[in-house]
Every structure is written in structure tokens, then in C-alpha cells.
> 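Quick one: the structure is below, questions incoming.
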Amino acid sequence: MSFDDAYDALTDHDDDARWAYGTGFSDPLAGVPTAVPDGVDPADLAAYCLMLGDDALVMSHRLQQWVTRAPELEDEMALANIGLDLLGQARLLLSRAGEVEQAGIEQAGFENAGGPARDEDALAYLRDPADFRNVRLAERADEDFAHLVARLLVFATWRLALLDRLTSSRDPVLAAIGAKGVKEATYHREYAAGWVVRLGDGTDLSHTRMRAAVDAVEPPAGELFEPHEVELRLAAAGVAVDPSALREEYDGVLAEVHRVATLPPPPPFEAATVGAGRDGVHGPELVEILNEMQELARAVPGGVW
Amino acid sequence: MSDEIRHEWPLFEVFVRAKRGLNHVHVGSLRAADHEMALHHARDLYTRRNEGVSIWVVRSDDVVSSGPDDKDAFFAPSGDKAYRHPTYYAIPDSVPHI
Amino acid sequence: MTDERVFEETIAKDQRVEPRDWMPDGYRRTMIRQIAQHAHSEIIGMQPEGAWITRAPTLRRKAILLAKVQDEAGHGLYLYSAAETLGADRGDLTRRLIEGRQKYSSIFNYPTLTFADVGVIGWLVDGAAICNQVPLCRSSYGPYARAMIRICKEESFHQRQGYELLMTMMRGTPAQREMVQDATDRWWWPSLMMFGPPDEESPNSAQSMAWKIKRHSNDELRQRFVDMSVPQAEALGVTLPDPALRWNPGRDHYDFGEIDWAEFKRVISGGGPMNAERLAHRRRADEDGAWVREAAAAHAAKRAEARA
């Protein structure tokens with residue numbers, strides 16, 4: 001390492017092995033064919049990519065809000081990692097949504113065929129709340145760390161089961177995103193479960209808070225298993241996952257985590273009293289998220305970043 | 001330090017194997033409540049750039065180390081065993097690959 | 001040979017002092033203070049940029065910024081880890097920080113007003129930090145030097161992402177170019193202050209140089225930073241806010257104007273625009289997290305008991 005020129009020193013990488021400092025990053029979609037599979041309505045596929053992409057984008061936003069506020073610095077690292085993983089999934093899925101949407105426009109032979117596809121940023125920053133398709137669980141604000149880990153446990157358990165099945169999708173892009181996401185969601189679920197157990201079993205105070213959190217977070221989670229018509233059509237075509245099929249795995253994991261955490265068994269799902277996020281019905285919490293997320297991008301029209 | 005305030009979690013030492021064929025290398029320490037958490041934290045802290053195929057964590061207070069004062073007793077005795085080193089053996093330059 | 005002689009010879013031979021070696025109390029104290037302040041700076045330094053993660057204007061910038069702020073938490077941890085090898089305890093160091101008994105870099109007491117600040121922090125603040133830190137990779141205390149190598153390697157992307165953001169914004173709208181110039185105007189002088197007081201007013205420097213904790217004087221590093229930054233500013237198309245800045249062929253360096261040391265002293269002793277908020281934020285996170293950390297410790301104790 002040269003010490004006379006700071007910049008030379010930083011690009012001098014010959015002793016990496018000594019520092020257990022790695023390289024070798026890979027593109028999860030390298031070489032994956034991008035054509036829309038036969039017999040699949042591009043509009044359905046685009047809508048489905050938006051659903052899964054918005055789940056990840058909005059959940060990631062909530063995790064970003066924890067940065068500099070985590071209970072310990074090591075957890076700053078963990079929460080940022082999870083936020084980055086989900087953001088990465090969101091970018092792949094939104095990009096795929098835009099690309100498939102454009103393919104549909106071309107296929108229909110509309111006048112504006114050949115125009116640019118909406119990219120990840122157009123989809124993230126220029127849609128209004130009613131155009132977001134995320135489940136409402138993703139947008140909920142966290143009162144405290146117990147709420148965050150309760151929500152993350154529900155989200156990651158469900159998403160892991162979903163991504164795992166997505167790996168056999170007939171759409172090679174979704175299958176590749178699933179394969180990448182499974183590794184990530186496995187870790188997310190483990191992290192969340194670890195904390196639910198620690199807080200449930202830890203002190204009287206943490207037990208009370210953890211119990212309050214699961215009681216608040218788990219009952220409305222029935223929405224995660226209600227299939228949307230797009231999901232049903234695409235599941236029949238071998239492209240998407242019917243979320244009602246994930247229920248058994250979810251119930252098993254949640255029951256086990258509750259048991260180890262010395263919490264009562266998971267409370268039953270409550271009947272939905274609000275509209276579904278998959279239909280674009282959201283609470284004021286998503287409006288608040290999008291105001292924050294989109295404010296700058298919309299304030300500088302024509303800006304490049 | 002003089003203050004009474006101690007961190008709630010014990011200290012763990014972290015060792016990472018950067019790739020197959022290399023030893024685990026000590027990379028630093030971190031705080032965790034237990035071993036399981038320490039492994040998770042080690043992954044997040046010390047392998048976020050794809051470093052590593054394997055991690056060890058050890059409670060810092062479980063590490064038994066030779067002190068600097070032991071240096072002579074521990075390490076000097078091998079100083080005279082030159083026959084352990086390859087350069088001890090004279091091989092003619094004409095002999096290849098050795 | 002006496003302990004002290006061994007220590008002095010280690011330093012003289014440019015070898016590293018390691019955790020269990022004998023060292024003078026003053027060396028240990030200085031080392032703990034310097035490493036802790038450095039660690040605190042990384043952790044407090046997460047806040048000014050962290051405030052823009054949720055508002056980043058593209059998903060790519062959002063990912064970059066989140067990864068960068070996460071790195072800063074990591075760097076804080078590497079450094080606390082080095083301080084703990086000297087017998088310090090992180091819980092205690094955190095307490096000293098949030099009670100205002102240990103300092104952190106005063107640069108983080110300035111607000112981040114626009115997204116251009118994210119770029120300028122990468123370019124100038126991280127650039128200045130790199131100038132300071134690269135020589136520390138040869139610091140005489142082994143764990144600190146090793147932490148610095150890791151940090152410097154990881155920070156190479158921090159400065160580049162900042163400069164790249166600014167280059168992109170300069171190709172954007174007139175409003176964006178104004179944002180870049182405005183941010184440069186606000187961060188230039190505080191960046192120069194990051195190298196610390198001038199050599200003649202830096203009382204601890206001589207001892208730190210003798211112990212090879214520090215390898216270059218404040219003014220030397222500051223000059224190096226100015227010399228590197230001027231052509232970068234020209235390439236970017238911004239003006240550095242110093243009318244006295246000009247090349248001096250006699251010295252083979254850029255001359256630059258007088259730094260407002262009164263402001264430096266005011267900010268470092270708590271009078272900066274964001275001091276109170278930065279510490280309050282850190283204190284809140286630490287206090288809000290106490291029940292979580294206690295619960296994890298209690299759970300671990302129960303588990304250990306069940307196994308025994």
C-alpha cells in the first residue's frame with residue numbers, strides 16, 4: 001500500500017486474502033431469457049410483478065426508517081442488510097413489470113408502441129398510492145422494535161414460502177428472482193424469529209411488549225393469503241404462486257416461534273374490515289410513505305441523479 | 001476504564017475463512033447476547049462484501065493467549081531448529097522443481 | 001530489557017504495538033481517546049446522510065446511500081472493537097459520547113439541506129477523511145492500523161459515489177447545478193477544519209507523532225487535501241468559495257485563505273447548528289434500545305442456565 005497518495009493506496013488490492021476481504025459479485029439475471037412466456041397475459045404478469053415489487057419496496061422503506069435508530073449497532077447492520085435485500089428485489093421486480101408492460105403494449109399494436117418502457121424509477125416515484133399493489137402489512141408503521149420484528153417475522157415467513165415456490169415459475173425471470181430471494185428471506189426470517197424469541201422469553205417488560213406486538217400485527221395478516229384474481233390466473237398458468245397455498249407453512253412456523261418464545265399460540269386472523277392492498281386500497285400510512293419517498297424526485301422535474 | 005458502565009452483551013472474537021483453501025483469519029470483535037446472535041452479527045458486519053465462506057465466533061473471555069512475557073519461553077526454543085526450514089538443505093541449482 | 005525499552009524499540013523499528021504488550025499509560029489513554037472519537041464520528045456521521053435514504057430520488061441512489069450509511073455503522077464497530085482491545089468497554093464509550101464527555105468530528109454538526117449535500121459529503125468530507133485515514137493504516141497500534149486498512153478499502157467507494165452523483169447533477173437542470181454549488185459553498189470550509197487546528201496550536205500532536213500514532217501534521221494533510229480538491233472542483237465545474245485560492249509555483253502548492261478558527265472552536269465545543277440534535281438522536285436510540293438489549297441478555301442467561 002502506498003501511503004503518499006491516498007487514492008493510489010485505495011485502489012491497491014493485492015493483499016486482499018490477508019484481510020478476508022471479498023469480491024466476485026454476480027448479476028442474478030445474467031443470461032436469463034426475458035420474453036413473456038406463451039399463453040400469459042402481459043398485463044397480468046406486469047401487475048403481479050408490481051404486487052411483489054411493491055411489497056418489497058414499501059417494506060424496505062419501513063426498514064430504512066430504522067436506520068440510526070436500531071437498539072444496537074450490530075442491529076443497524078442487520079436491518080440495513082434486510083432493507084438492501086428487499087430494495088434489490090423491488091428493483092428487479094419493478095424493472096420486470098415495466099418491461100413486461102411495454103411488451104404488452106407492443107403486442108396489442110397500440111399507437112404508442114415503441115415508446116420507452118416505464119423503468120424502476122418511473123414506477124417507484126411517479127405512481128400515486130391507489131396504483132400501489134403492496135399488501136397493507138408492508139406499509140404499517142412500527143411502534144417499537146417488538147412491532148418491527150413481529151411484522152418482519154410475518155412478512156419474511158410468508159415471502160420465503162412464496163419465493164421458494166416461485167423458483168419453479170414458468171417465467172424464468174420470476175424464477176431467478178425467487179432463487180435469489182429465497183436465500184435472503186431465509187436470513188430475514190431467522191433474524192426476526194431470533195428476536196421474537198429473545199423478546200418473548202427475555203424480561204417481563206419485553207414479554208409484555210412482544211405479546212402486544214404480535215396481537216397487533218398478526219390478526220390482520222389474513223390478507224396475505226387471499227388470492228387476487230391476477231394471482232389465480234397466473235398460478236393456473238404456472239407462473240405465479242397462489243398465496244392460499246402458503247398458509248400451512250406459515251401457520252407451522254408461527255406456531256413454533258410462538259412456542260419457543262413462550263408466547264400464547266398465534267391469534268386467529270380477523271375478518272378483513274378494510275379493502276385489499278392488492279386492489280390499491282391503502283391506509284394513510286402508505287400516503288405518508290410515498291410523500292416522503294417521492295417528494296424530491298417529483299420536486300425536480302427533468303432532474304438527473 | 002474507571003466507569004462502572006459495561007455493555008449489556010459480552011464480546012466475541014470473529015474469524016472468517018475468505019475462501020476455500022485458506023485459514024480462518026481473525027477480523028475483529030463484536031457484541032452479542034449469545035453465540036447464535038454473534039454468528040448473525042458477524043455475517044452482517046464482517047462479510048457484507050461477499051467475504052468469507054465460513055465464520056467462527058469465540059467468546060473473547062474464552063480465548064487463552066500467550067502473554068508477551070511468555071515470548072521467550074514459547075517461541076525462542078524453535079529459533080535454533082533451522083532444520084525445520086527448507087533453506088537449511090543445500091540442493092544444487094541444477095536440480096529442478098525443488 | 002525493561003518493558004519501556006521494548007515498547008520504545010518496537011516504535012523505533014516501526015513495528016506494531018499489540019493488545020497485550022506493555023505500553024505507557026499515556027499511550028493507552030491517547031489511543032483509546034483517538035479511536036473512540038473516531039468511532040463516535042462514524043456513528044454520528046450516519047445521521048446527516050441517513051436523513052436522505054428514505055428520500056433518495058432514484059432507487060439506485062437509495063441503495064448506494066443505504067449501503068454507505070450501513071458501512072459507517074460497520075466502521076464504527078471496527079473501531080470500537082479496536083478500542084476494546086485496549087481495555088475500554090463499548091457501553092462506557094457510548095455513555096461518554098451521549099453525555100458529551102467524548103467528542104466526535106465537528107463536521108457532522110452541520111445540516112444536510114439538499115440531496116447535493118450527499119454528493120458533497122462523499123466528495124469533500126470522505127475525501128478529507130481518506131487523507132486523514134490512509135496514513136493511519138500505519139499507526140503504531142496494530143488493531144487500529146488493521147481497522148483503518150479495512151475502512152480505507154471500503155471507503156474508496158464512498159468518495160467515488162459522491163463525486164459521481166455531483167457529476168450527474170451538474171449535467172442536469174440549472175436548479176440542480178445551483179444545488180451542487182450551494183452545497184460546495186457550505187461544506188468546503190468545514191472540510192478543511194476536519195484536519196484539526198493548525199500545527200502551532202495542536203498541543204498533543206508532537207507526542208502522537210513521536211509514538212507514531214499520527215504520521216503527518218494537520219497542516220501537511222490539509223495542504224494535500226486542498227491540492228487534490230482544486231482540480232476535482234475544476235473538472236466538476238464548481239467554484240471553491242475561497243478568493244485567496246491560487247497556485248503558488250514557488251511552494252508547488254495551492255495557497256488558500258484563512259480558516260475561521262473561532263467557528264471551529266464554537267462548533268467543536270457544542271455550538272454548531274446540529275450538535276444538540278445529533279447527540280439527542282443518538283441518546284434516544286441508545287435509551288429506546290436498552291430494554292431490547294436487556295431482554296436479549298436475560299434470554300441468553302436463561303438459555304445458559306438451562307444448559308448447565
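Each chain gets a letter, A, B and so on, in the order its sequence line appears, and its residues count up from 1. Atom set for the values below is all heavy atoms of this structure, side chains included, hydrogens, waters and symmetry mates excluded.
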> Are side-chain heavy atoms of C/Leu136 and C/Ile151 found at a separation under 4.5 Å?
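Result no, sub-4.5 Å side-chain heavy-atom pair not found.
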
> Heavy-atom distances under 4.5 Å only: say whether C/Leu77 touches chain A with side chain, backbone, both or neither.
side chain

> May I ask you to name which of A/Glu295, A/Gln294, A/Met210, A/Glu72 has the most heavy-atom pairs under 4.5 Å with chain C?
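Top count of heavy-atom pairs under 4.5 Å with chain C: A/Glu72.
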
> With a 4.5 angstrom heavy-atom cut-off, could you sort out which part of A/Glu74 is near chain C: side chain, backbone, both or neither?
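Both the backbone and the side chain of A/Glu74 come within 4.5 Å of chain C.
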
> Given a strict heavy-atom distance threshold of 4.5 Å, which part of C/Met167 is in contact with chain A: side chain, backbone, both, or neither?
neither

> Taking side chain as everything from C-beta outward and backbone as N, CA, C, O, which of these in C/Ile53 sits under 4.5 Å from a heavy atom of chain A? Side chain, backbone, both or neither.
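For C/Ile53, backbone and side chain are both near chain A.
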
> Output yes when a side-chain donor or acceptor of C/Arg16 lies under 3.5 Å from a complementary backbone atom of C/Asp14, and no otherwise.
yes

> Check whether C/Tyr78 forms a cation-pi arrangement with C/Arg150 (NZ or CZ under 6.0 Å from the six-membered ring centre, at most 45° off the ring normal).
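Positive - C/Arg150 is close enough to the ring of C/Tyr78 and near enough to its axis.
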
> Non-hydrogen atoms of chain C under 4.5 Å away: do they reach the side chain of A/Gln65, the backbone, both or neither?
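Both parts, heavy atoms under 4.5 Å.
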
> What I'd like to find out is whether the side chain of C/Thr168 reaches to under 4.5 Å of the side chain of C/Arg61, using heavy atoms alone.
yes

> With a 4.5 angstrom heavy-atom cut-off, is it the side chain or the backbone of A/Leu87 that approaches chain C, or both, or neither?
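For A/Leu87, the side chain is the part near chain C, not the backbone.
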
> Tell me, with the steps shown, if A/Trp195 and A/Leu152 meet side chain to side chain contact (heavy atoms under 4.5 Å, CB included).
CA-CA 10 Å; A/Trp195 270 113; A/Leu152 189 59; over 6 Å; no

> Pick one of side chain, backbone, both or neither for C/Leu166, based on which atoms fall under 4.5 Å of a heavy atom in chain A.
neither

> Is it the backbone or the side chain of C/Val69 that comes under 4.5 Å from a heavy atom of chain A, or both, or neither?
side chain

> Would you indicate whether the side-chain heavy atoms of C/His158 and C/His75 approach each other to under 4.5 Å?
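Result yes, sub-4.5 Å side-chain heavy-atom pair found.
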
> May I ask you to say whether C/Arg160 pairs ionically with C/Asp126, meaning some side-chain N is under 4.0 Å from a carboxylate O?
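Salt bridge flag = no for C/Asp126 with C/Arg160.
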
> Please classify the contact of A/Arg298 with chain C as side chain, backbone, both or neither, using a heavy-atom distance under 4.5 Å.
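Contact with chain C is absent: no heavy atom of A/Arg298 under 4.5 Å.
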
> With no hydrogens and no angle check, is any side-chain donor or acceptor of A/Asp121 less than 3.5 Å from a backbone partner on C/Leu59?
yes

> Which of the residues A/His207, A/Arg91, A/Glu76 is involved in the greatest number of heavy-atom pairs with chain C at under 4.5 angstrom?
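Most pairs with chain C among the choices: A/Arg91.
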
> Below 4.5 Å, heavy-atom pairs only: which of A/Leu79, A/Thr203, A/Asp144 has the largest tally toward chain C?
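Of the options given, most contacts go to A/Thr203.
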
> Measure A/Ile289 against the heavy atoms of chain C and call it side chain, backbone, both or neither at under 4.5 Å.
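Nothing of A/Ile289, per the 4.5 Å heavy-atom cut-off to chain C.
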
> Please flag which part of C/Gln70 lies under 4.5 Å from any non-hydrogen atom of chain A: side chain, backbone, both or neither.
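Answer is both: backbone and side chain atoms of C/Gln70 are under 4.5 Å from chain A.
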
> Could you look at C/Ala63 and say if it's the side chain, the backbone, both or neither that has a heavy atom under 4.5 Å from chain A?
both

> Looking at side-chain heavy atoms only, is the closest gap between C/Asp71 and C/Glu155 below 4.5 Å?
no

> Using heavy-atom distances under 4.5 Å, tell me whether A/Ala90 contacts chain C through its side chain, its backbone, both, or neither.
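Nothing of A/Ala90, per the 4.5 Å heavy-atom cut-off to chain C.
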
> For chain A, find which of C/Gln47, C/Glu72, C/Arg60 contributes the most heavy-atom pairs closer than 4.5 angstrom.
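Top count of heavy-atom pairs under 4.5 Å with chain A: C/Arg60.
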
> Tell me which of these, A/Met293, A/Met77, A/Arg69, has more heavy-atom pairs under 4.5 Å with chain C than the rest.
A/Met77

> With a 4.5 angstrom heavy-atom cut-off, is it the side chain or the backbone of C/Arg90 that approaches chain A, or both, or neither?
side chain

> Is it the case that the side chain of C/Glu220 and the backbone of C/Ser217 share a donor-acceptor pair, with hydrogens and angles ignored and the cut-off at 3.5 Å?
yes

> Between A/Arg133 and A/Leu52, is there a donor-acceptor pair closer than 3.5 Å when you use the side chain of the first and the backbone of the second?
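No: the side chain of A/Arg133 does not pair with the backbone of A/Leu52.
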
